[in-house]
Amino acid sequence: MVRTLTGSRIRKARKSDGWTQTALASAAGISPSYLNLIEHNRRAATGDVLTALASALGTTTETLSRDGDSQLISTLHEAAARLPDLTLSPGTLEDLASRNPEMAELLASTFQRLREVEGTVTALSDRLTHDPYLSENVHGMLSTITAIRSSASILHQMHDLTPEQDNRFRRSVHEESLRLSSVAEGLAEYLSRSGVDPDKALTPEETLDRFLTRRNWVFDALDQEAATLADIPRAIARSRLSEVISEMLGDTDDLGPAQTMARDWLDQYASDALTMPLRPFHQSAKDAAWDPPTLARTYQTDLHAVFRRLASLRRSWIDAPAFGLFLTNASGYPLRRQPLPSFALPRHGNACPLWPVFEALSAPTRLISAQLRLEHGEGFTALAVALPRPGATLGQTPDLLSAMLIVSDNDSPFALPASPHRPVGPSCRICAQTDCPARAEASLLA
Amino acid sequence: MTKRVLIVEDEPNIAESLRFLMTHAGFDVILEPDGGRALDQLADKGPFDAVVLDIMLPNRSGFDILRDLRSGAHANLPVLMLSAKGQKQDRETAQDLGVTRFMTKPFSNAEVIEAVTELCGS
C-alpha cells in the first residue's frame with residue numbers, strides 16, 4: 001500500500017505550533033524516534049497514534065490525512081513502476097510530493113495523460129481489429145476497387161473488345177462505382193458517428209463497459225440495500241434488490257440493447273452483495289490476508305464469486321488493494337472485464353494467450369498463481385481458476401468459465417513464493433514484446 | 001496444350017474480369033461463385049492446372065477449400081489465393097495451409113495473369 005503525506009503534514013503542524021519532536025512525541029505517548037520516522041513518511045500514522053497526534057496538535061485526523069495527496073502519491077508510484085530500472089529509496093516520492101508539489105503534480109498529470117493515450121490506442125486498435133461493421137465495409141470497398149480497376153484496365157488496354165464485351169465492362173465500372181459510393185457514404189457516416197472518441201459506445205458491449213466504468217464497477221445502493229437484508233429469506237431479498245436494480249436502470253442514460261446485459265451484471269453483483277455483505281467481507285478479507293480460498297470457505301461460495309467481490313471493493317473509503325478481473329469462456333471471449341489503469345483488458349477477445357486465465361482451463365478447479373510483467377515493466381500478481389458454469393445439469397455439455405484476478409505488485413497483498421515474472425502483453429496486436437513464442441499476429445507497435 | 005484454370009470468386013464483376021483476361025491470355029476457364037461447390041467442380045470438370053481462390057466465399061471459405069485440397073488428391077495443385085484482407089495473419093494462414101501464391105486486392109490485371117501463367121508453368 002502507498003503511504004500518504006500524513007507525516008509531512010504532522011511535521012509542518014508541529015513546527016508551526018512551536019513544538020519540539022520530543023514534546024509532541026511525549027504528548028502523543030510515542031517515542032521521539034518513532035515520531036521522527038512518521039514525520040519522514042517512513043512509518044504510517046494510523047489509528048490511535050494519529051488520533052493522539054491530531055489531538056495534541058489541536059487538529060483533526062482528517063486534516064492530517066487528506067485523500068488527494070494519497071491519490072497523487074499513488075499515481076507517482078504507478079509512474080515509477082513503469083521504469084523497472086529506476087531504484088528509489090523509500091519515501092522519495094512522498095518527499096517529492098511534499099517538497100515540490102508542483103513538480104509532483106506535473107509528473108502525475110503527464111503520466112495520467114500517457115495512460116489515457118495508451119487507453120485510446122487500445123480502444124481504437126480493438127475497434128479496427130474486431131469491429132465487424134468496419135471489417136465488412138473495408139472488405140467490400142477493396143473488392144469494389146478491384147472490380148473497377150480490373151474492368152477499367154480492360155477497357156483501356158484491350159482494343160479488340162466486341163460491343164457486348166465493351167458494354168459488359170462499362171456496365172461493371174458503372175455498377176461498382178455506385179457500390180463504392182454507397183460503401184464510402186456508409187463508412188463516412190459511421191466514422192462521423194463514432195468520431196475519434198474511443199470511449200463512445202458503438203456496440204452493446206461497449207455501452208455496458210462505459211456504464212460500468214463510469215461507476216467504477218461499484219454500486220453502493222445495492223451494497224447498502226443488501227446489508228439491510230441479511231436476515232430475511234434470500235428469495236425475498238433478491239426480489240427487493242431486483243427492484244433497486246430496476247430503479248437504478250430507470251435512472252440511467254439510454255442503455256439500448258445493453259439494458260439486458262446491464263441487468264444480468266447487476267443481478268450477479270446483488271447476489272454477491274447478499275452472500276458477501278461489503279463491510280463484513282472487507283473485514284474477513286483483511287483477517288484472511290486476502291486469501292481467496294479462505295474467503296470462499298468462510299462465505300460458502302465459489303472462487304469466482306470471491307474474485308468478483310474482491311474486485312468490487314474499489315472505493316475511496318475502503319482500504320483495499322485495487323484488483324482487476326477478467327472472466328472468459330473456453331473460447332477466450334471476454335464475459336466480464338474490470339481493467340486496472342496499467343493493465344488493459346481487451347473487449348473482443350484475442351487476449352494474450354500467456355495469461356494464466358487460459359492456463360487454468362487445462363486444470364479446472366485448481367487455483368493457479370503467476371507473476372506477470374507487462375512490456376512497460378510493471379509487475380502483477382495474477383490468480384486464476386476455471387470452474388464449470390454455475391447451474392449446469394447432468395447431461396449438459398460442460399461449459400468452463402475461467403476467471404483471473406490481477407493486482408499490481410506495488411499493491412499486492414498476497415504472500416506468494418517469489419517466482420520469475422512471465423513477460424506478457426495485453427493482446428498481440430498492441431504488444432511490443434519481441435521473440436514471443438505465442439505471438440499470433442503482427443503488432444501495431446512493432 | 002491449353003491450360004485449365006478454375007476461378008472460385010463470388011464477386012460477379014471481378015469474376016467476369018478474371019475470366020475475360022484469362023481467356024484472352026489463352027487459358028480455358030471455369031467460374032464457380034459458390035465455395036461449397038468448388039471441390040465438386042474440381043472433380044467433375046478436372047483436371048485443372050491451377051485454381052484462383054478467393055478467401056471470403058459463400059458456404060465455404062477459401063481456407064477450408066485449400067485445406068481439403070491439400071489433404072486430398074490435389075496436394076500439389078497450384079493455388080493462387082486472393083484476399084481483400086491484407087492482414088499478415090491471413091497470409092500466414094494461407095501459407096500454413098500450403099498456398100502456392102498469395103495476392104491482395106486490389107491487384108492489377110497484369111499481376112494476376114503473370115501469376116497464373118507462372119503457376120501453370122506455361
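No experiment lies behind these values; they were computed from the predicted model shown.
Taking OG of A:Ser153 as the reference point, atom CZ of B:Phe107 lies at 11.0 Å (rounded to 0.5 Å). Atom OG of A:Ser143 sits about 7.5 Å away from atom CG of B:Asp10, to the nearest 0.5 Å. Here the OG atom belonging to A:Ser150 is positioned 9.5 Å from the CG atom belonging to B:Asn13, to the nearest 0.5 angstrom. How far CD of A:Glu176 is from OG of B:Ser17: 8.5 Å, rounded to the nearest 0.5 Å.
Environment of CG in B:Asn76: sparse, with no more than 12 heavy atoms of neighbouring residues, nucleotides or ligands closer than 6.0 Å.
When all heavy atoms of B:Ile14 and A:Ala147 are compared, the closest pair comes out as CG1-CB, 3.6 Å. Across A:Arg149 and B:Pro106, no two heavy atoms sit closer than the pair NH1-O, 3.3 Å. Of all heavy-atom pairs spanning A:Thr146 and B:Lys105, the tightest one is OG1-CB, 3.0 Å.
No other option in A:Ile145, A:Leu161, A:Ile154 has as many heavy-atom pairs under 4.5 Å with chain B as A:Ile154. Note: B:Ser108 leads B:Pro12, B:Ser108, B:Ala15 in heavy-atom pairs under 4.5 Å with chain A. Among A:Asp160, A:Ile148, A:Val173, the residue with the largest count of heavy-atom pairs under 4.5 Å with chain B is A:Asp160. Comparing A:Gln157, A:Glu175, A:Met158, A:Arg171 by heavy-atom pairs within less than 4.5 Å of chain B, the highest count is held by A:Met158.
With a 4.5 Å cut-off on side-chain heavy atoms, A:Ser172 and B:Glu16 do not count as touching.
Identified by a heavy-atom distance below 4.5 Å to chain B, contributing residues of residues 351-359 of chain A are lacking entirely.
Classification of B:Glu11 and A:Arg179 as a salt-bridged pair holds, one side-chain N sitting under 4.0 Å from a carboxylate O.
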